[in-house]
Every structure is written in C-alpha cells, then in structure tokens.
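A single structure is presented below for examination.
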Amino acid sequence: MSELIKNETKKIYEEMGIPSKVYDFCDEIWDSLQDRFDKIREVSEFNQAKVLKAMQENKVSEACLLGTTGYGYNDIGRDKLEEVYASIFHTEDALVRPQITCGTHALALALMSNLRPGDELLAPAGKPYDTLEEVIGIRESKGSLKEYGVSYRQVDLLPDGSFDYENIEKAINEKTKLVTIQRSKGYQTRPTFSVEKIGELIAFVKSKKSDVIVMVDNCYGEFVQTIEPSDVGADMVVGSLIKNPGGGLAPIGGYIAGKKECVENAAYRLTSPGLGKEVGASLGILPQFYQGLFLAPNVTANALMGAVFAANIYEKLGFSVLPNGTEDRFDIIQAITFNDPKLLTSFCEGIQYAAPVDSYVTPEPWDMPGYDSQVIMAAGAFVSGSSIELSADGPLREPYSVFFQGGLTWQHVKYGIMKTLAVMYEKGLVTL
Ligand SMILES: *Cc1c(COP(=O)(O)O)cnc(C)c1O
C-alpha cells in the first residue's frame with residue numbers, strides 16, 4: 001500500500017518537475033531523518049498544549065473573534081488575545097496589534113517607549129539586526145534613538161562566539177537602562193543562541209545591574225524550544241506575526257510581551273499617552289490572529305523539519321551549511337553557502353517555482369535599498385513578504401550564501417527543497 005502511494009507521489013512530483021533521480025536522492029535522506037523529526041514533533045506537542053491551555057484558561061469565546069471598528073473601545077477579542085499571549089510567554093502583560101506593522105516596528109516601539117533622553121542602550125552580544133541600525137542611529141536616520149539623546153554601546157562576541165563577559169561588565173554604567181539581545185542569528189554567521197544561553201547572559205547582566213530592562217528580539221525563535229526568553233528573565237520579548245507566532249494566517253502585526261510597565265510604555269507610545277491599550281480597533285483580523293497562533297507550534301515544527309532536511313541534503317552534496325545537519329536548532333533559519341552565484345540563483349528559482357502563488361515567475365537579483373550588493377529573493381506567499389511561508393534570499397556576493405526559512409506544511413517544504421535541487425540538476429550544476 002505504502003509503496004503504491006509512494007509511486008503515485010513520485011509520479012505527480014515528476015509532472016511537477018522533480019526528476020526521478022532527484023526524488024530518490026532526497027527521499028532517502030528524508031527517511032533517514034525520522035528520529036530528528038520525532039524530536040521536533042515532541043517539542044511541538046508541548047507547545048501546542050501550551051497554546052491550547054492558554055486559550056482555554058483565558059476562556060476564549062466565539063465573541064472574541066468578532067472585532068471592532070473606530071476607536072476600538074472594549075474590544076474584548078483584542079484584549080483577550082493579549083492575555084493569551086501573556087499566558088503563553090508567562091509575562092504580566094502583552095501588546096498584540098495589527099497596528100504594529102512589522103518586526104522592526106515592534107522592536108523600535110519597545111525600545112523608543114522604554115528609553116528616555118540620557119539613557120543608554122547596550123547590545124552585549126554583537127550588532128543587532130540590520131534594520132535596527134537606523135532605529136538606534138548606528139546609521140544616521142531621522143527620528144533615531146540617537147537623535148533623541150539615547151546613547152548606544154555594543155560589545156561584540158568573542159572570536160569563538162561566546163559572550164565577552166569582561167567587556168560587558170565594563171560597558172554597564174549608571175546610564176545603562178536597556179539591554180537588547182537577539183535570539184536568532186538573522187543574516188550573521190554566528191550561531192543562534194539557545195534560550196538557556198540567553199538566560200545566562202541575562203543573569204550576568206542583572207547581577208551587575210538589577211534594574212536594567214532586558215529586551216529579547218524573539219523573531220524566528222518562537223515555539224522552537226519549550227521555553228521562551230521570558231522564562232529565563234527577559235523583561236520583554238518582541239516579534240513579528242508574519243513569522244512564527246502568526247502561524248501563516250496573520251496578514252500583519254507584531255507583539256511585545258513582558259512586564260506590565262514595559263508593555264504600558266509601549267502601548268502609550270503606539271497610540272497616545274493616556275490612551276494606551278484602550279484604543280486600536282482590531283477590524284476583522286482577530287480570527288486570523290487566534291487561529292494562526294493556534295497553528296503556530298505545528299507550522300514552526302514543519303518549517304524546522306524542512307530546515308533539517310535542506311541542511312542534510314546540501315551537506316551531503318558537500319556544501320557548508322549552518323546549522324549543520326545534526327546540531328540542535330534554536331530558530332527556523334537555514335544558511336547554505338554555495339561559493340557560486342549560479343547555484344545561489346538556482347536555489348532561489350527552485351523555491352519560487354515550488355510556491356503556491358507566483359510559481360511561474362523567475363526571481364532576478366535586484367538593487368535593494370540598504371544593501372551594498374544585489375539581492376535575490378524568492379517568495380510566492382499568500383501573505384506578502386511572509387517569511388514563515390517558504391522563502392529564500394541571498395546577497396549576490398562572496399560567499400554566495402542563501403538564507404532560507406519557513407514552510408507552512410512539511411510536505412510543501414520537502415517539495416520546495418527537492419525543487420531547488422532539481423533546478424541545479426537540470427542545469428547540470430550538480431551530479432547525483
Ligand atoms: C525579521 C527580523 C527582524 C525584523 O522584522 P521585519 O518584520 O522584517 O521588520 C528583526 N530581527 C530579526 C532577528 C528578524 O529575523
């Protein structure tokens with residue numbers, strides 16, 4: 001029976017551009033990864049229970065799905081959703097809004113609302129995400145923290161990737177008000193930090209200055225482990241709803257979960273002093289926010305399975321992959337280094353051709369604002385720019401690395417990765 005289905009699947013894949021040789025090569029690797037997949041499923045089972053428990057204990061009701069217009073006073077669904085987020089992250093409060101337009105906005109909001117002129121922001125684990133450079137004022141920008149008199153200090157990681165405790169201690173001073181730590185590596189080559197490791201850094205920082213606010217950029221990390229940074233001392237965790245916690249359904253949005261005072265500051269900044277969380281209509285978006293959150297642990301698990309699959313395929317073909325095929329994962333991003341522009345381009349073509357939307361277009365490298373080289377991006381997503389959906393991008397420069405992430409179902413990521421290899425195979429760039 002199983003053989004029969006497999007042959008049918010192989011046949012439909014062949015019609016969808018996966019040569020038999022590519023399928024056999026990939027499917028053998030897929031089969032060999034079942035123990036890894038079991039571990040990922042174990043974590044997702046825990047997180048599914050955590051999310052469900054939070055929804056049940058907060059008594060989410062049908063009325064919560066309705067939403068409001070205008071000012072949005074007494075939007076019970078919006079307020080309840082924020083309680084659900086606070087339960088999941090074990091925080092005092094949360095702000096979860098469609099008015100938070102993206103991850104960068106959520107992070108900027110958390111920073112700008114909790115820092116005052118004369119305060120200092122410290123990044124103790126190296127440079128934050130690219131888009132935050134203008135928020136902080138590392139790159140000059142209108143309205144940056146720097147313009148408002150907030151100074152910035154950064155301590156880089158040691159060459160072996162560990163925290164430079166000696167210099168972190170030296171960097172903490174009477175002005176240090178807020179410490180920012182990024183969980184995921186983003187587009188850097190350092191490894192992603194585990195929540196446990198982030199906990200060690202938080203403990204150290206707080207032992208030197210107990211009243212400092214610690215914010216963690218949680219993008220791409222939600223539901224990858226059974227604990228979140230807020231379980232190990234972070235005062236705020238911040239992320240985007242078009243990544244993991246939106247489960248692929250949220251069409252916009254960001255969240256800040258944390259201490260009551262931190263969240264209140266953020267709410268006052270998002271809307272207005274005095275109004276805070278009381279206004280902000282949810283319009284018709286709450287069903288997607290709730291249902292997306294409900295699906296998020298499973299979606300994250302599917303994306304992780306795809307990332308592990310890709311790492312093992314390209315490692316077997318001799319490319320350098322980060323994380324490697326066997327190590328533990330703390331976010332959903334997979335980097336593959338091709339050292340060849342043709343392979344990078346082919347990979348992105350494969351991801352695009354595998355998409356449910358815009359599968360017939362070919363991605364081209366383009367001059368993206370803020371980058372010093374051309375960038376190629378592949379995304380055929382239901383939600384524009386969503387990177388919890390299968391997507392890939394890479395700058396057209398040495399060492400020609402691709403960063404790939406997402407996938408709402410494991411079946412789709414599996415097909416997508418096979419498709420990347422099929423494109424290379426048919427161009428004669430790899431031999432199997
Ligand atoms: C995606 C991301 C951001 C920014 O989110 P946008 O939604 O793209 O603005 C910030 N930090 C990290 C680590 C990210 O992965």
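Atoms within each ligand, like the ligands themselves, are counted from 1 in listed order. All heavy atoms count here, side chains included; hydrogens, waters and symmetry mates do not.
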Worksheet item: Should the pair Y85 and Y255 be assigned to parallel (<30°), tilted (30 to 60°) or perpendicular (>60°) ring geometry?
Response: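 Answer is tilted, since the angle falls between 30° and 60°.
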Worksheet item: Under a 4.0 Å heavy-atom limit, does L107 contact ligand 1 with its side chain, its backbone, both, or neither?
Response: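 It is the side chain that touches ligand 1; the backbone stays farther off.
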Practice prompt. Please say which of W30, Y415, Y314 ends up in a ring pair (Phe, Tyr, Trp, His ring centres under 6.0 Å) with F309.
Written response: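 Of W30, Y415, Y314, ring pair (Phe, Tyr, Trp, His ring centres under 6.0 Å) with F309 is met by W30 alone.
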Item to complete: Give the ring-plane orientation class for F338 versus F347, where under 30° counts as parallel, over 60° as perpendicular and anything between as tilted.
Response: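 The arrangement is tilted - the two ring planes meet at 30° to 60°.
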Fill in: Distance from atom 9 (O) of ligand 1 to nearest protein heavy atom, with residue and atom
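For atom 9 (O) of ligand 1, the nearest protein heavy atom is T104 OG1, 2.5 Å.
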Fill in: Side-chain donor-acceptor contact under 3.5 Å, R397 with S373
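A pair is found: one side chain offers a donor N or O, the other an acceptor, under 3.5 Å apart.
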Worksheet entry | Protein heavy-atom partner closest to atom 2 (C) of ligand 1 - residue, atom, separation in Å |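 Result: K243 NZ, 2.3 Å.
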Item to complete: Identify whether the distance between the nearest side-chain nitrogen and carboxylate oxygen of E133 and R139 falls below 4.0 Å.
Response: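 The answer is yes: the pair qualifies as a salt bridge.
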Discussion item. Any nitrogen or oxygen of G103 lying under 3.5 Å from a nitrogen or oxygen in ligand 1? Just yes or no.
Written reply: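 The answer is yes, given that G103 and ligand 1 share an N or O pair closer than 3.5 Å.
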Worksheet item: For atom 11 (N) of ligand 1, which candidate among D331, D217, T101, D130 holds the nearest heavy atom?
Response: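 The option holding the nearest heavy atom is D217.
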Practice prompt. Using a strict cut-off of 4.0 Å, indicate which atoms of ligand 1 neighbour a heavy atom of Y220.
Written response: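 By the 4.0 Å cutoff, the relevant atoms are 15 (O).
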Discussion item. Is it the case that ligand 1 has an N or O less than 3.5 angstrom from some N or O of Q182?
Written reply: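 No, Q182 has no N/O under 3.5 Å of an N/O on ligand 1.
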Practice prompt. Using the ring-ring contact (aromatic ring centres under 6.0 Å, His included) rule, collect all pairs that involve residues 191-241, keeping only residues at least two apart or in two chains.
Written response: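 For residues 191-241, and leaving out neighbouring residues, the ring-ring contact (aromatic ring centres under 6.0 Å, His included) pairs sorted by first residue read F163-F193, Y165-F204.
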